[in-house]
J.: 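My structure is below; once you've seen it, I'll send some questions.
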2 protein chains.
Amino acid sequence: MKRRPTIMDVAARAGVSKSTVSLVLQGSKQVRPETRKTVEAAMAEIGYVYNRAAANLRSASVGLVGLVINDLRNPFFTEFATSLQMALAAEGYATVIANSDEDPELQAKLVGSMIEHGVAALVISPAYGEASDTFDQLARTGLPVLQVLRRMDERTDLFPFASFDYAAGSAEATRHLLDQGARHIAFVGGLPGRAITRERKSGWREVLKAEGLDQVALHGKSTRAFGMQAADTLLADHPEVDAAVCFNDLVALGLMAGFARAGRPVGQGFRVVGFDDIEEAAQSWPQLSSVSCDIAGFARDTAARLLAWMVEGQRPEPELRIPVRLVPRASSLGPAA
Amino acid sequence: MKRRPTIMDVAARAGVSKSTVSLVLQGSKQVRPETRKTVEAAMAEIGYVYNRAAANLRSASVGLVGLVINDLRNPFFTEFATSLQMALAAEGYATVIANSDEDPELQAKLVGSMIEHGVAALVISPAYGEASDTFDQLARTGLPVLQVLRRMDERTDLFPFASFDYAAGSAEATRHLLDQGARHIAFVGGLPGRAITRERKSGWREVLKAEGLDQVALHGKSTRAFGMQAADTLLADHPEVDAAVCFNDLVALGLMAGFARAGRPVGQGFRVVGFDDIEEAAQSWPQLSSVSCDIAGFARDTAARLLAWMVEGQRPEPELRIPVRLVPRASSLGPAA
DNA sequence: CATAGCTATTGGATCGTTCCAATTCTAGCG
DNA sequence: CGCTAGAATTGGAACGATCCAATAGCTATG
């Protein structure tokens with residue numbers, strides 16, 4: 001087991017100096033084409049692999065971006081993560097993806113590890129919970145940090161934030177359900193007290209308030225399982241409810257499955273609108289109406305804003321809201337009860 | 001904008017030498033507790049952050065494991081990735097997750113980038129397609145590399161491989177459908193010619209052959225969309241088919257949605273079994289029977305085998321097959337046609 | 001009180017690259 | 001043929017940690 005070859009070995013083999021090899025590695029157009037050929041051949045022959053740690057040590061700029069996601073299992077975030085990675089890859093940046101699993105402690109570890117590995121910037125969708133220390137530490141590094149899709153609960157203004165205009169989306173969904181004839185519209189999902197829950201709920205509340213209608217809200221973890229359970233609760237405790245705006249598509253899909261299980265399939269008298277418009281929404285049965293968020297576009301946008309910050313030092317505006325639009329499908333368009 | 005403090009700055013502040021600071025960083029029990037206190041205080045005061053690039057350069061051992069997944073959007077793989085990351089985190093290793101998106105070229109780039117960043121080992125679920133170069137390069141590094149869940153098509157024996165016993169699983173599923181009274185069992189999904197398709201199909205084929213029954217197979221991308229489309233094809237071209245073993249749960253869910261759309265909901269005469277038992281299988285309606293693969297357990301196992309290799313130099317057996325088990329649910333237990 | 005045997009600390013060399021200033025090469029021109 | 005401008009190449013310092021061998025400090029012991 002011998003050690004990995006270095007540029008010195010390459011240089012010796014190619015009969016040039018290490019500096020020349022370094023220039024070749026960096027794609028400098030200052031080396032003569034034939035010299036470049038020789039060097040490249042030498043590299044291939046002895047199986048040279050670039051040692052990025054050494055390079056970073058000297059040059060301090062790393063083509064590495066960290067991405068910390070609170071729940072990578074959620075397809076919405078998975079889609080964002082993969083799209084962002086691809087957008088950054090196109091610009092020559094590598095992305096390390098990590099999942100904090102809604103655990104502020106794990107999140108702190110992950111962020112720390114990324115800083116140590118010398119990421120040039122960080123994109124984070126924060127876990128719920130107390131994490132001021134993590135963010136203070138992050139702020140001290142002076143690294144470009146973008147909050148996306150979610151904002152931490154305290155110190156909201158520490159880093160620029162970009163997300164969708166959830167309030168407008170839920171208002172649109174609620175108005176749509178009213179137009180379709182619904183009169184008792186519940187809100188289902190979302191952990192109480194969270195900023196994002198407030199946002200996604202606020203549009204619904206404002207519209208119902210303006211109409212003087214009753215407001216039933218069931219809060220809980222935003223999972224399929226909670227949606228199923230919520231279906232039973234609605235049927236048992238709030239039989240008058242004839243429609244629901246859901247915190248996200250997972251809850252909506254669970255809700256629909258729950259109604260189906262109870263023999264009251266959605267589409268016949270009960271209307272549902274979800275949030276996020278994940279791929280599955282168009283492929284469920286009945287197809288799920290959803291507030292679409294063009295997450296792939298958002299990811300590309302995020303990449304562009306991040307690059308502008310990193311490369312041109314152009315700090316993005318502190319808060320950005322991307323418009324959303326309702327995609328009506330069968331789950332909210334069925335015949336009235 | 002001043003530069004990041006180094007251990008020299010910490011040393012100066014704490015009134016000790018850089019070597020002592022280094023020992024503190026490594027948690028050596030050779031430093032006096034009060035000295036440690038002093039040093040730690042100094043670090044906190046000047047906001048020191050560890051520079052892992054520099055450390056790696058000298059020590060060559062990096063607590064970093066690379067994970068390259070062919071389709072991170074597939075919940076099955078997402079679950080595996082997050083579980084593996086957590087298992088490795090518990091042992092002090094950081095994991096970089098990347099998505100090759102079934103693109104051998106992107107995969108080559110990602111693998112290259114990971115090697116450059118000095119990962120201590122690599123876990124890969126290869127993309128379909130030609131990638132000998134990538135794997136040869138990988139083999140030359142001498143790094144521990146584990147193939148999981150999928151095996152590359154050529155040079156199958158280059159790296160140890162671990163997966164589930166898919167053939168046994170599909171045989172069990174097929175026998176179960178026969179027991180339930182099905183007589184025309186189709187196989188749906190899976191790209192033709194792939195090793196994994198052959199595996200998941202072989203059990204089905206053997207059982208049907210033994211019974212002398214007809215074998216209808218629809219191949220295609222293993223997505224929800226293909227499942228929906230397959231439903232239409234089955235209804236139109238193979239009306240006699242009364243059950244299906246699906247390549248994976250996504251296809252099965254799409255198939256169920258497609259039948260529902262056509263007014264022939266699964267559970268009434270038509271039976272479906274999926275593969276992977278993703279979380280959603282238990283939360284769809286009707287609940288989906290599926291061949292369960294305990295992916296989280298598999299991930300923990302993978303972590304253990306990888307650590308044994310990295311730390312103790314114990315190369316795992318070349319091929320490992322984890323048993324699977326059928327979880328029967330409503331989608332295959334409904335009343336006969 | 002000298003000394004052996006610890007433990008705790010230290011300075012210098014080192015890892016593999018990039019950066020910089022200096023040097024060598026090449027071609028063109030009078 | 002000598003000179004020069006520009007291109008191509010080069011050697012040495014630097015990055016920030018770890019490693020190692022050497023040293024200083026401290027007790028216990030004869």
Side-chain angles (χ1 to χ4, degrees), chain A residues 1-40 42-43 46-64 112-113 115-120 141, chain B residues 1-40 42-43 46-64 112-113 115-120 141:
Chain A
M1 178 140 168
K2 58 185 188 296
R3 73 188 217 304
R4 265 158 60 146
T6 75
I7 55 169
M8 297 293 269
D9 302 317
V10 176
R13 174 103 192 185
V16 299
S17 79
K18 63 176 170 44
S19 302
T20 304
V21 178
S22 177
L23 287 174
V24 169
L25 282 172
Q26 293 167 83
S28 161
K29 51 190 309 178
Q30 197 161 243
V31 296
R32 215 160 26 123
E34 36 187 311
T35 310
R36 172 183 306 275
K37 276 261 181 61
T38 320
V39 171
E40 277 165 353
M43 292 205 262
I46 65 178
Y48 169 76
V49 292
Y50 188 62
N51 183 334
R52 199 172 282 267
N56 292 343
L57 178 56
R58 177 66 185 142
S59 60
S61 84
V62 197
L64 192 64
S113 162
I115 298 174
E116 288 178 5
H117 278 103
V119 293
T141 65
Chain B
M1 179 143 168
K2 60 183 184 302
R3 73 184 217 307
R4 265 158 58 146
T6 75
I7 54 168
M8 298 292 270
D9 302 317
V10 176
R13 174 99 191 186
V16 298
S17 80
K18 63 181 169 39
S19 301
T20 303
V21 177
S22 177
L23 288 174
V24 169
L25 283 172
Q26 292 167 81
S28 162
K29 50 192 307 180
Q30 196 159 241
V31 297
R32 212 158 30 124
E34 37 186 313
T35 311
R36 171 182 308 274
K37 277 261 181 59
T38 319
V39 171
E40 277 165 354
M43 293 206 256
I46 64 180
Y48 168 78
V49 290
Y50 188 63
N51 182 336
R52 200 173 280 268
N56 292 345
L57 178 56
R58 177 68 185 142
S59 59
S61 85
V62 199
L64 192 63
S113 160
I115 297 174
E116 286 178 5
H117 278 104
V119 293
T141 64

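Naming convention: chains lettered A, B, ... in sequence-line order (proteins, then strands); numbering from 1 in each chain. We use all heavy atoms of the structure for the numbers below, so side chains are in, but hydrogens, waters and symmetry mates are not.
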J.: Evaluate Met43(A) against Val49(A) for side-chain contact (heavy atoms from CB on, under 4.5 Å), listing each step before the verdict.
T.: CA-CA 8 Å; Met43(A) 292 205 262; Val49(A) 292; over 6 Å; no

J.: Would you please name every residue forming a side chain to side chain contact (heavy atoms under 4.5 Å, CB included) with Ala54(A), sequence neighbours left out?
T.: Asn51(A), Leu57(B)

J.: For DNA chain D, find the residues of residues 7-23 of chain A with a heavy-atom distance under 4.0 Å and give them by number; none if there aren't any.
T.: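 Per residue number, the list reads Val16(A), Ser17(A), Lys18(A), Ser19(A), Thr20(A), Leu23(A).
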
J.: Show each protein N/O and nucleotides 4-6 of chain D N/O combination with a separation under 3.5 Å, one pair to a line.
T.:
none

J.: What are the two closest heavy atoms between Pro5(A) and Gly47(A), and how far apart are they?
T.: CG-O, 3.7 Å

J.: Just by modelled atom types, is the Thr6(A) backbone N or O under 3.5 Å from a matching donor or acceptor in the Asp9(A) side chain?
T.: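 Checking the backbone N and O of Thr6(A) against the side chain of Asp9(A), a donor-acceptor pair under 3.5 Å is found.
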
J.: With sequence neighbours excluded, tell me which residues meet salt bridge (charged side-chain N to carboxylate O under 4.0 Å, His left out) with Arg32(A).
T.: Glu34(A)

J.: Identify the heavy atoms of Ala14(A) and Val39(A) that sit nearest to each other, and give their distance.
T.: CB-CA, 4.0 Å

J.: Please list, in 5' to 3' order, the outermost nucleotides of DNA chain C lying under 4.0 Å from any heavy atom of chain B.
T.: dA8(C) to dG16(C)

J.: How long is the line joining CZ of Arg58(A) and C1' of dA13(D), in whole Å?
T.: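 So the CZ-C1' distance, Arg58(A) to dA13(D), works out to 7 Å.
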
J.: Going from NE2 on His117(A) to CG on Leu64(A), what distance comes out if it is rounded to the nearest 0.5 angstrom?
T.: 8.5 Å

J.: Looking at residues at least two apart in the chain, or sitting in another chain, which of them share a side chain to side chain donor-acceptor pair (under 3.5 Å) with Arg36(A)?
T.: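 Here no residue qualifies.
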
J.: Between the two end axes of the helix from dC1(C)-dG30(D) to dG30(C)-dC1(D), each built from 5 base pairs, what angle do you get to the nearest 10°?
T.: 60°

J.: What residues form a side chain to side chain donor-acceptor pair (under 3.5 Å) with Ser19(A), not counting sequence neighbours?
T.: none

J.: Return the value, rounded to whole Å, for the distance between atom CG of Asn56(A) and atom C1' of dA14(D).
T.: 15 Å

J.: Who pairs with Glu40(A) by side chain to side chain donor-acceptor pair (under 3.5 Å), at least two apart in sequence or on another chain?
T.: none

J.: What residues, two or more places apart in sequence or in another chain, satisfy side chain to side chain donor-acceptor pair (under 3.5 Å) together with Gln26(B)?
T.: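 For Gln26(B), the residues satisfying side chain to side chain donor-acceptor pair (under 3.5 Å) (neighbours in sequence not counted) are Ser22(B).
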
J.: Judged by atom type as modelled, is there a donor-acceptor pair below 3.5 Å linking the side chain of Thr20(B) to the main-chain atoms of Val16(B)?
T.: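 Checked: no pair found.
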
J.: Keeping to residues at least two apart or across chains, list the salt bridge (Lys or Arg N to Asp or Glu O under 4.0 Å) pairs with something in residues 50-60 of chain A.
T.: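 Residue pairs passing salt bridge (Lys or Arg N to Asp or Glu O under 4.0 Å), neighbours aside: Arg52(A)-Glu116(B).
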
J.: In residues 26-36 of chain B, what residues come within less than 4.0 Å of DNA chain D, judged by heavy atoms?
T.: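 Correct list: Gln26(B).
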
J.: Pick out which of Leu25(A), Val24(A), Val21(A) makes a side-chain contact (heavy atoms from CB on, under 4.5 Å) with Val10(A).
T.: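 Answer after filtering Leu25(A), Val24(A), Val21(A): Val21(A).
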
J.: From Ile7(B) CD1 over to Tyr48(B) OH, what is the distance, rounded to the nearest 0.5 angstrom?
T.: 6.0 Å

